[in-house]
Amino acid sequence: MIVRTRIEPAPSGSIHVGNARTALFSWAFARGHAGSFVLRIADTDAKRVTEESFQAVLEDFRWLGIDWDEGPEVGGPHGPYRQSERFDIYREYADKLLAGGFAYRCYMTDEEIDAERKRADAEKRRPNFRHTEAEETAHASEGRPHTVRFIIPEEATVTFHDEVLGDISTEMGRTPDVVILRSDGTPTYMLAVTVDDALMDITHIIRGNDLMASTPRQLLIREALGFTEAPVFAHLPLIVAEGGKPLSKRWGDVSVRSYRDRGYLPEAMINYLALLGWSLDDKTNIFTVEELIDSFSLVRVGKNPAAFDIPKLDWVNMHYIKSLDPDELAARLVPFCEREGMDAGTDEGLGKLRAVTPLLVERLKRLDEAPPMVRFLFDRNEPDEKAAKALEGQSEYLNEVASRLEALSEWTTTAIDAALRALADERELKPKKAFQPIRAAVTGTLVSPPLFESLEILGRDETVARLRSAA
RNA sequence: GGCCCGUUAGUCUAGUUGGCCUAGGACGCCGCCCUCUCAAGGCGGAGACCACGGGUUCGAAUCCCGUACGGGCUACCA
């Protein structure tokens with residue numbers, strides 16, 4: 001059997017980290033089994049889907065390094081891969097269901113449906129949305145709009161095996177007949193996903209646990225449609241916020257894009273996401289995508305929800321930042337610096353960044369932390385409040401520092417270091433007392449990369465000029 | 001209300017067939033060291049009666065039952 005997995009995102013802008021994790025596992029599973037990974041766009045509710053949000057989804061996957069063998073832009077033998085382009089197919093299957101007596105037209109208005117739901121609830125039974133034959137003919141001749149509902153056999157107990165959760169058995173007695181075609185003739189998720197998974201020969205349906213409840217219904221539809229071979233199911237534990245609450249916008253940023261914008265590396269996101277609900281072994285925290293693919297297995301996926309923990313993500317990200325070589329890091333820093341108004345994309349700008357990266361690499365958790373640290377190389381900024389305070393009454397000292405630096409025979413970190421320490425010794429100043437005013441004068445802040453190295457990179461003329469002007 | 005799922009430290013987890021678990025690793029936290037700021041790094045530490053209550057067993061985090069708590073679904077969203 002050739003393994004085929006898929007991810008089916010709804011294109012509502014940048015993907016949710018939970019979807020990214022699901023995609024990652026589904027993808028890793030396919031890759032690890034020399035199978036195919038299909039990207040299918042769940043845009044049956046086409047009204048609010050924009051081209052922009054569709055592109056955002058593709059871009060997020062590309063950024064993460066998750067590629068697809070079949071799907072938008074690459075095509076494939078089972079296309080099209082946007083459900084909005086497959087409506088005819090779904091209608092055809094809905095007709096089959098109708099013809100086979102597995103579905104019926106429901107002419108009820110929203111009000112009627114509401115009322116029936118309330119009644120059913122009070123009577124502790126499932127709601128009934130069907131019509132008598134007479135009603136149906138009447139409604140049809142009036143041209144009343146209708147949906148198509150799939151009949152859930154009341155006595156059915158659906159059983160399936162889940163690779164993560166084990167055997168699941170569900171009694172369908174109170175599950176209402178499910179809408180498969182909306183009144184405008186478009187299919188719902190329940191129909192589209194079932195038909196597509198079957199038609200596209202998906203062998204392993206790996207998806208979020210929130211969709212587990214829909215599995216029995218999909219199995220029933222599948223069976224009614226005559227698709228005899230059932231796929232393997234694996235429902236992944238949900239990713240939640242601290243306290244086990246749903247990871248919603250309310251909690252904070254949940255889109256992949258927002259993490260990208262804050263300077264998380266794609267390799268770090270992949271690594272961290274893989275740690276949510278899965279583990280390589282009892283002690284490995286850091287691994288490459290290749291290692292993930294090689295060792296990923298559904299058996300090792302946990303059952304319980306995982307909380308998204310930013311501090312740990314930061315730690316993983318820091319690890320990957322450290323592993324970048326200086327040129328690579330400098331290049332990745334450019335957009336973040338430009339965003340903050342620095343002229344970092346030029347040869348000169350890149351040169352400055354390249355020079356400081358060795359100093360930054362040990363102190364960045366996120367790429368977006370770099371701009372404030374390197375700003376002094378691009379602008380002569382006004383001292384901030386704390387820096388201004390550190391400069392008070394330091395005129396004479398700063399002028400002396402400037403003179404000493406001017407007198408240096410060579411402009412190197414070692415020479416600067418020696419000169420400034422010598423001066424501090426002469427004046428019996430503790431290092432901190434001696435160096436903070438200089439840092440304040442030159443960088444405009446009390447927090448910067450190591451001082452002597454920073455001065456060397458800045459250059460003698462600029463350093464001296466800043467010292468004199470702050471004095 | 002109904003159907004289904006889950007429950008190891010603040011967090012992610014290891015714990016595959018019950019004994020090597022006096023529960024392992026990581027993040028975070030605390031302390032010390034290093035130190036020109038901020039970090040990083042090194043060393044050490046606290047933190048879990050394995051949700052709770054019953055069983056089964058010579059022996060249970062691991063098996064069974066119940067309870068509590070949490071979550072998902074119960075849409076003409078996916």
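Naming: A, B, ... by sequence-line order, numbering from 1 per chain.
- Contacts between residues 152-177 of chain A and RNA chain B, defined by a heavy-atom separation under 4.0 Å, are made by Leu165(A), Ile168(A), Ser169(A), Thr170(A), Glu171(A), Arg174(A).
- Look at rG66(B): its Watson-Crick or wobble partner, with both distances under 3.5 angstrom, is rC52(B).
- His319(A) places its NE2 atom 18 Å from the C1' atom of rG28(B), with the value rounded to the nearest Å.
- Under the Watson-Crick or G-U wobble criterion, with both distances below 3.5 Å, rC32(B) is paired with rG42(B).
- Within the nucleic acid shown, Lys433(A) has no heavy atom closer than 4.0 Å to any nucleic acid atom.
- A 6.0 Å sphere centred on NZ of Lys365(A) holds no more than 12 heavy atoms belonging to other residues, nucleotides or ligands.
- rG19(B) sits 23 Å from rU13(B) when the P atoms are compared, rounded to a whole Å.
- The CG-C1' distance, from Leu280(A) to rC12(B), rounds to 14 Å in whole Å.
- By the 30° and 60° cut-offs, the orientation of the rings of Trp278(A) relative to Phe296(A) is tilted.
- The P atoms of rC50(B) and rU22(B) are separated by 12 Å, rounded to the nearest whole Å.
- Residue contacts for Gly302(A): at a heavy-atom cut-off of 4.0 Å it reaches no nucleic acid atom on any strand shown.
- Taking the charged nitrogens against the carboxylate oxygens, Glu154(A) and Arg130(A) have no contact shorter than 4.0 Å, which rules out a salt bridge.
- Remark: the separation of the P atoms in rA9(B) and rG66(B) is 24 Å, to the nearest Å.
- Taking 4.0 angstrom as the limit, Arg300(A) places none of its side-chain polar atoms (N or O) nearer than this to OP1 or OP2 of rU13(B).
- Every residue meeting the salt bridge (charged side-chain N to carboxylate O under 4.0 Å, His left out) condition with Arg82(A), not counting sequence neighbours, appears here in chain and number order: Asp43(A), Glu51(A).
- Separating the C1' atom of rA14(B) from that of rU62(B) is a span of 13 Å, rounded to the nearest Å.
- Distance, Arg6(A) CZ to rA78(B) C1': 11 Å, rounded to whole Å.
- For the P atom pair drawn from rG42(B) and rC34(B), the interatomic distance equals 16 Å after rounding to whole Å.
- The phosphate of rG2(B) has neither OP1 nor OP2 within less than 4.0 Å of any side-chain N or O from Lys124(A).
- For the pair Arg149(A) and Phe129(A), the cation-pi criterion (under 6.0 Å, within 45° of the ring axis) is fulfilled.
- For Thr188(A) and rA78(B), the shortest distance from a side-chain N or O to OP1 or OP2 is not below 4.0 Å.
- At the phosphate of rC76(B), neither OP1 nor OP2 sits under 4.0 Å from any side-chain N or O atom of Ser183(A).
- Of the candidate nucleotides rG6(B), rA75(B), rA78(B), rA75(B) has the atom lying nearest to any side-chain atom of Arg117(A).
- Between Leu313(A) atom CG and rC27(B) atom P there is a gap of 14 Å when expressed in whole angstrom units.
- Contact between the side-chain N/O atoms of Asn209(A) and the OP1/OP2 oxygens of rC73(B) is not found at any separation under 4.0 Å.
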Scan nucleotides 34-41 of chain B nucleotide by nucleotide, 5' to 3', and note B when protein non-hydrogen atoms come under 4.0 Å of the base, S if they reach only the sugar-phosphate, - if neither. --BBBBSS
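- What separates CG of Leu275(A) from P of rA26(B) is a distance of 13 Å, to the nearest Å.
- Nucleotide rG1(B) forms a Watson-Crick or G-U wobble pair with rU74(B), both donor-acceptor distances falling under 3.5 Å.
- Phe29(A) is linked by a ring-ring contact (aromatic ring centres under 6.0 Å, His included) to His33(A), His204(A), counting only residues two or more places apart in sequence or in another chain.
- Of the listed nucleotides (rA78(B), rG28(B), rA14(B)), rG28(B) has the atom at the smallest distance from the side chain of Pro311(A).
- The partner of rC27(B) is rG10(B), judged by Watson-Crick or G-U wobble contacts that both fall below 3.5 Å.
- A salt bridge is absent between Glu385(A) and Lys389(A): the closest approach of a Lys/Arg side-chain nitrogen to an acidic carboxylate oxygen does not fall below 4.0 angstrom.
- Aromatic ring pairs are classed by plane angle as parallel below 30°, tilted from 30° to 60° and perpendicular above 60°; the pair His139(A) and His131(A) is perpendicular.
- Proximity of Glu456(A) to Trp411(A): side-chain heavy atoms (C-beta onward) are separated by under 4.5 Å at one or more points.
- Between Glu116(A) and Asn128(A), some side-chain heavy-atom pair lies under the 4.5 Å cut-off.
- Distance from the side chain of Ile113(A) is smallest to rC76(B) among rC27(B), rC76(B), rA78(B).
- The residue Leu211(A) sits close to a base: some heavy atom pair falls under 4.0 Å.
- In terms of modelled atom types and a separation under 3.5 Å, the side chain of Arg21(A) and the main chain of Leu276(A) share a donor-acceptor contact.
- Qualifying ring-ring contact (aromatic ring centres under 6.0 Å, His included) partners for Phe452(A), counting only residues two or more places apart in sequence or in other chains: Phe435(A).
- Taking atom C1' on both nucleotides, rA26(B) is separated from rG47(B) by 14 Å, rounded to a whole Å.
- A close approach under 4.0 Å does not occur between any side-chain nitrogen or oxygen of Arg40(A) and OP1 or OP2 of rA78(B).
- A salt bridge is defined here as a Lys NZ or Arg NE, NH1 or NH2 lying under 4.0 Å from an Asp or Glu carboxylate O, and Lys118(A) with Asp121(A) fails to meet this definition.
- The separation between Asn304(A) atom CG and rA61(B) atom C1' is 13 Å, rounded to whole Å.
- Pair assignment for rG47(B): none, as no Watson-Crick or G-U wobble contacts are both less than 3.5 Å.
- Using a 4.0 Å heavy-atom distance criterion, Arg149(A) is classed as a sugar-phosphate-only contact.
- Comparing atom distances between the Ala213(A) side chain and each of rA14(B), rA26(B), rC73(B) picks out rC73(B) as nearest.
- rC33(B) and rG25(B) are spaced 25 Å apart, taking the C1' atom of each and rounding to whole Å.
- Minimum atom distance to the side chain of Thr44(A) is reached by rA78(B), of the listed rA26(B), rG6(B), rA78(B).
- Nucleotide rU37(B) has no partner under the Watson-Crick or G-U criteria, as no pair reaches both atom distances under 3.5 Å.
- The residue among Gln83(A) and Asp309(A) whose nearest nucleotide of RNA chain B lies closer to the 5′ end is Asp309(A).
- Here Lys283(A) lies in heavy-atom contact (under 4.0 Å) with sugar-phosphate atoms only.
- Across every strand in view, rC58(B) sits in a pair with rG19(B) that passes the Watson-Crick or G-U test at under 3.5 angstrom.
- The residue Arg207(A) sits apart from the nucleic acid: no heavy atom pair falls under 4.0 Å.
- Per the geometry, CD1 belonging to Ile286(A) stands 17 Å off P belonging to rG25(B), to the nearest Å.
- When the ring-ring contact (aromatic ring centres under 6.0 Å, His included) test is applied to Phe61(A), no partner is found at least two apart in sequence or on another chain.
- Nucleotide rU11(B) holds its P atom 13 Å from the NZ atom of Lys245(A), rounded to whole Å.
- Taking atom C1' in both rG45(B) and rU16(B), the straight-line distance is 33 Å, to the nearest Å.
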